[in-house]
Every structure is written in structure tokens, then in C-alpha cells.
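Residue numbers count from 1 along this sequence. Treat the numbers as computed from the prediction; the structure is a model and nothing was measured.
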Amino acid sequence: KLGFMVVAPLFDADAWGSAYASGQGLMRDGKPTDAAMWSFSVIEHLFDAIKAATGNKSTTYRLYGHSEGGQFVHRLVWFLPEARYDRAVAANAGWYTMPDLAVALPYGLANSPATEQTLKAALERNLTVLLGSRDIDPNHSQLRKTPRAMAQGRYRLERGQNFFKQAGERCTALKCKFGWQLQLVPGAAHSNGQMAGVAAALLMEGK
């Protein structure tokens with residue numbers, strides 16, 4: 001009726017663990033592997049499979065992830081800058097791969113397939129960093145507390161704000177046209193239920 005299809009892929013624990021959100025298969029022995037085998041590329045393969053199975057003629061898709069899914073989405077943006085999404089939303093990620101080619105994976109892009117060229121392309125894409133204004137618990141049971149993660153901020157809201165700020169600064173340095181936006185969801189904590197409605201509205205703009 002409304003002209004869209006929702007697809008919710010499951011990266012099951014037995015096959016993927018939690019490594020899917022960091023790009024399982026991205027590197028091996030310090031070298032990039034075949035991009036077709038990365039967890040991020042599953043979305044591209046799935047897009048083709050669904051189109052083949054249904055006859056759908058769409059040339060692009062829209063992408064949303066919350067929490068660990070938000071980690072997955074923003075890293076897909078980094079490492080697949082030519083992916084066929086036309087709009088992506090990364091919500092309440094617990095920690096980030098920062099746009100810093102001097103900081104090693106997984107907290108930065110050094111020793112990864114990323115280059116200044118791919119970084120610039122990613123920063124020009126349509127990505128919304130969606131943050132809950134009450135996602136401010138520094139002791140949340142699922143919040144990563146390694147020194148590198150804590151350097152990004154005390155809690156998810158602060159980390160997301162720092163991530164967006166650094167992305168904007170990097171885009172300025174690279175002289176690119178910043179395609180990202182930051183949006184807060186007032187009163188929302190670390191809850192997909194509180195975030196998903198806003199994300200859906202963002203994704204459905206222009207439909």
C-alpha cells in the first residue's frame with residue numbers, strides 16, 4: 001500500500017558472534033580481504049537477492065541500525081562508500097570507528113582498507129547520527145569501557161556527539177561537502193522502541 005518493503009537481517013550469534021558490527025572478515029594477517037566477504041557486504045548481496053526473488057526494480061535501499069546495529073551502519077558507511085543505500089541512520093552506537101587515519105582499527109581507520117579518498121566519499125553520503133538525549137548512563141551494562149572507548153566520551157550521547165563533530169572537522173580538512181546530519185530524540189534513553197519511530201520518519205522522507 002505504501003510502496004516499501006522492510007527487511008530485517010539477522011546476524012546470528014553462532015555464525016557471527018558480535019564481530020559482524022566491526023566488519024567480520026575485513027582484515028586477515030594485517031591485510032584487507034575480499035570486500036565481497038565482509039559482513040557489511042551482506043547487505044548488498046541481500047539487496048540483490050531480494051530484487052531477484054521479487055522482481056523489485058529499486059536501485060537503492062535505506063538502512064537503519066540501533067546500538068550494535070548503529071555500530072554496523074556507521075562502519076558500513078566507512079568501508080563501503082559506494083554501497084547502494086541512499087539514506088542511512090545510525091542510532092545510539094555504543095562506540096565508534098572514528099574518522100582518523102592515524103588511529104588503528106577498530107577505534108580509527110589506520111591499518112584498514114580506508115583511504116582519504118574513501119573517507120571523503122563516505123562523509124559526502126546521506127547519514128544521520130541519531131542520538132537519544134537521555135542515553136547518558138555511564139554505567140550501562142552493555143557500554144564498552146575500554147580506555148579507547150572511554151576517550152570517545154563517558155556515555156553514548158557524548159560519544160555520538162564527538163563522532164559527528166570529528167566527522168565534520170575531517171570533512172572540512174578534506175574539502176568535501178558534508179552530507180551527514182545529527183539529530184537528537186528528546187527523552188529517549190538506550191531504547192530502540194524510543195528511537196525507531198523517528199528513524200522511520202527520517203527514512204521515509206521523500207517516499
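- Taking the ring pair (Phe, Tyr, Trp, His ring centres under 6.0 Å) definition, one finds that Tyr155 meets it with nothing, sequence neighbours left out.
- When all heavy atoms of Leu143 and Pro138 are compared, the closest pair comes out as CD2-O, 3.6 Å.
- Residues forming a side-chain contact (heavy atoms from CB on, under 4.5 Å) with Asn111 (at least two apart in sequence, or on another chain): Ala104.
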### Message
Is there a side-chain hydrogen bond (donor to acceptor under 3.5 Å, both in side chains) between Thr54 and Asn56? Walk through the geometry before answering.
### Response
CA-CA 5 Å; Thr54 64; Asn56 184 284; 5.0 Å; no
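- Tyr85 meets the ring pair (Phe, Tyr, Trp, His ring centres under 6.0 Å) test with no other residue; sequence neighbours excluded.
- Phe4 has its side chain out of reach of Ser58: every pair of non-hydrogen atoms, C-beta onward, lies at least 4.5 Å apart.
- Looking at heavy atoms from C-beta onward, Met195 lies in side-chain contact with Asn92 at the 4.5 angstrom threshold.
- Ser41 places a side-chain heavy atom less than 4.5 Å from the side chain of Leu80.
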#### Entry: Working for side-chain contact (heavy atoms from CB on, under 4.5 Å), residues Thr60 and Phe47
CA-CA 9 Å; Thr60 60; Phe47 183 49; 5.5 Å; no
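- The shortest side-chain heavy-atom distance between Pro32 and Leu26 does not fall under the 4.5 Å cut-off.
- The existence of a salt bridge linking Arg154 and Asp137 is excluded, since no basic side-chain nitrogen approaches an acidic carboxylate oxygen closer than 4.0 Å.
- Taking the side chain as every heavy atom from C-beta outward, Asn192 and Ser67 never approach each other to under 4.5 Å.
- Each of Thr128, Val129, Asn126 was evaluated against Val89; a single residue qualifies, Thr128, per the side chain to side chain contact (heavy atoms under 4.5 Å, CB included) test.
- Residues passing the side-chain contact (heavy atoms from CB on, under 4.5 Å) test with Gln152 are Trp95, Tyr96, Met98, Tyr107, Arg159, sequence neighbours excluded.
- With rounding to the nearest 0.5 Å, the separation of CG in Leu119 from CZ in Arg170 is 6.5 Å.
- Proximity of a side-chain donor or acceptor of Ser112 to a complementary backbone N or O of Gly108 within less than 3.5 Å is not detected.
- Apart from Val7 itself, the hydrophobic cluster it occupies contains Met5, Leu46, Ile50, where clustering links Ile, Leu, Val, Met, Phe, Trp and Tyr at side-chain heavy-atom distances under 4.5 Å.
- Residues Leu109 and Phe79 form a side-chain contact, since some pair of their non-hydrogen atoms from C-beta on lies under 4.5 Å apart.
- Ring geometry for Phe164 versus Phe178: interplanar angle of 30 to 60°, hence tilted.
- Shown here are the side-chain contact (heavy atoms from CB on, under 4.5 Å) partners of Lys165, two or more places apart in sequence or in another chain: Glu169.
- Applying the side chain to side chain contact (heavy atoms under 4.5 Å, CB included) test between Val198 and each of Val185, Leu203, Leu184 identifies Val185 as the sole match.
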### From CA spacing to verdict: side-chain hydrogen bond (donor to acceptor under 3.5 Å, both in side chains), Ser39, Trp16
CA-CA 9 Å; Ser39 59; Trp16 296 91; over 6 Å; no
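- Nearest heavy-atom pair, Gly70 versus Ala93, reported as atom, atom and distance to 0.1 Å: C-CB, 3.9 Å.
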### Task
Apply side-chain hydrogen bond (donor to acceptor under 3.5 Å, both in side chains) to Glu44 and Tyr61, showing your working.
CA-CA 9 Å; Glu44 289 283 295; Tyr61 56 88; 2.5 Å; yes
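- Side chain of Arg134 to main chain of Pro186: no donor-acceptor pair is present (N/O by atom type, distance under 3.5 Å, no hydrogens or angles).
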#### Entry: Test salt bridge (charged side-chain N to carboxylate O under 4.0 Å, His left out) applied to Asp34 and Arg28, step by step
CA-CA 10 Å; Asp34 180 0; Arg28 182 175 294 115; over 6 Å; no
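- Put simply, the side chain of Gln181 reaches to within 4.5 Å of the side chain of Leu202, judged on heavy atoms.
- Atom OG of Ser191 and atom CG of Asp135 lie 9.5 Å apart (nearest 0.5 Å).
- Residue-environment remark: CD (Glu116) stays at or below the threshold of 12 foreign heavy atoms within 6.0 Å.
- Of all non-hydrogen atoms in Lys145 and His140, the two that sit nearest each other are NZ-O, 3.0 Å.
- Separating the CE atom in Met204 from the CZ atom in Arg87 is a distance of 9.5 Å, to the nearest 0.5 Å.
- Aromatic ring orientation, Phe163 versus His74: perpendicular (interplanar angle above 60°, classes split at 30° and 60°).
- The neighbour count for Arg148 CZ, taken as heavy atoms of other residues, nucleotides or ligands under 6.0 Å away, does not exceed 12.
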